[in-house]
Amino acid sequence: MDITTATPVEIDTQLADIYRRANQAEQKVEIAVVGLHYGLGERPNYVTRTRKEWPATTAEALAACRNRGDEYNVMYGKTFADMAAKYDTAVTALAAIEAEADVLNAEFNRRGGWSRFFTVQNNGGHIHSSMSCQTCNKRGLRTDFGWNPELSGLTMEQAITRFDRHAHILCTVCFPAAPVEWTVRDRAAAATTKAAKAAAEQAARLTDPKLIGAPDGAVLRVDGDTLRTVRAAQIAMGSHLFWALYAERGGNSGDGRRWHARQIAEALAAKLGEQADDILAAAEVKAKKKLGR
Ligand SMILES: [Zn+2]
């Protein structure tokens, strides 16, 4: 490819692939960093559920591993020098991939740039004109961008016809001149879709022999649990009866548990065309046997 005559689509198709590989290479660096810290016996502090911080910086951990050199790390089955080497290899590989991007990014800048349409899956599915949009990469989390290189160089008007407006809307920071219907979610259409989905789920609970709902087809929630299948309901009913009997045997009230069991029995009765009392009586026999053991 002659870079000076390549089209935006051609250049961005290559860049999209380079960024995909760079992401993978970055993950390898992260894995190597985790290896350094764990190898040194550090334990992370979780800042959020997924984000962790280490007692030492990467540079400190790397220096510590280099210092211990050929000392064998029994836990990891390799030397500290090997752990440092794994990190070095990952960093070198990432740098090589980033260098591939440099020349293409330079050509983009030389031409004064061209239009791009990055999509983001989370956070409402916005379309951005660049990966450095101020609305992205927030709270220390990196946004995961889709490149859509086949749209590079198109006008906004040309590009938006290629998107499904229910899945994507334009970012108003990136596209200040965007038509208003392309910057807001079609709430009426979204509500219709949601209502249709809820109706289909309700119908399934009433007609699918494996699924269960309340007698009117609503979601069956008992004692804080959502019971989705007939089998799950039968198990939950048995469990409530078991604990009711257990409480009663100890001289306590099992009424709460019995009430939950009855709610489930009524749902099962509606589903199976049986009587709730019969279902409860049969389940109680089983629960008594279980308790007797
Ligand atoms: Zn944006």
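Both counts, for ligands and for their atoms, begin at 1 and track the order of listing. We use all heavy atoms of the structure for the numbers below, so side chains are in, but hydrogens, waters and symmetry mates are not. Everything numeric here is computed off the predicted structure, so don't read it as measured data. Quick note: residue numbers are just sequence positions, from 1.
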> In terms of heavy-atom contacts, does CZ of Arg228 have more than 12 from other residues, nucleotides or ligands at under 6.0 Å?
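At most 12 heavy atoms, drawn from other residues, nucleotides or ligands, come within 6.0 Å of this atom.
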> Classify the angle between the aromatic ring planes of His128 and His126 as parallel (below 30°), tilted (30 to 60°) or perpendicular (above 60°).
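It falls in the tilted class, 30° to 60°.
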> Quick one: ring-ring contact (aromatic ring centres under 6.0 Å, His included) partners of Trp54, sequence neighbours excluded?
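By the ring-ring contact (aromatic ring centres under 6.0 Å, His included) rule, Trp54 matches His37, Tyr38.
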> Can you confirm whether Asp70 is buried at CG, in the sense that more than 12 heavy atoms of other residues, nucleotides or ligands lie under 6.0 Å from that atom?
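Result for CG/Asp70: open.
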> Would you say that Arg257 contacts Asp223 through its side chain, given a criterion of any heavy-atom pair below 4.5 Å between the two side chains?
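Side-chain contact under 4.5 Å: yes.
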> State the count of protein N/O/S atoms located less than 2.8 Å away from the Zn ion (ligand 1).
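Near the Zn ion (ligand 1), the number of protein N, O or S atoms below 2.8 Å is 4.
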> Are there over 12 heavy-atom neighbours, none belonging to Gln134, within less than 6.0 Å of that residue's CD?
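Check fails, neighbour count at 12 or below.
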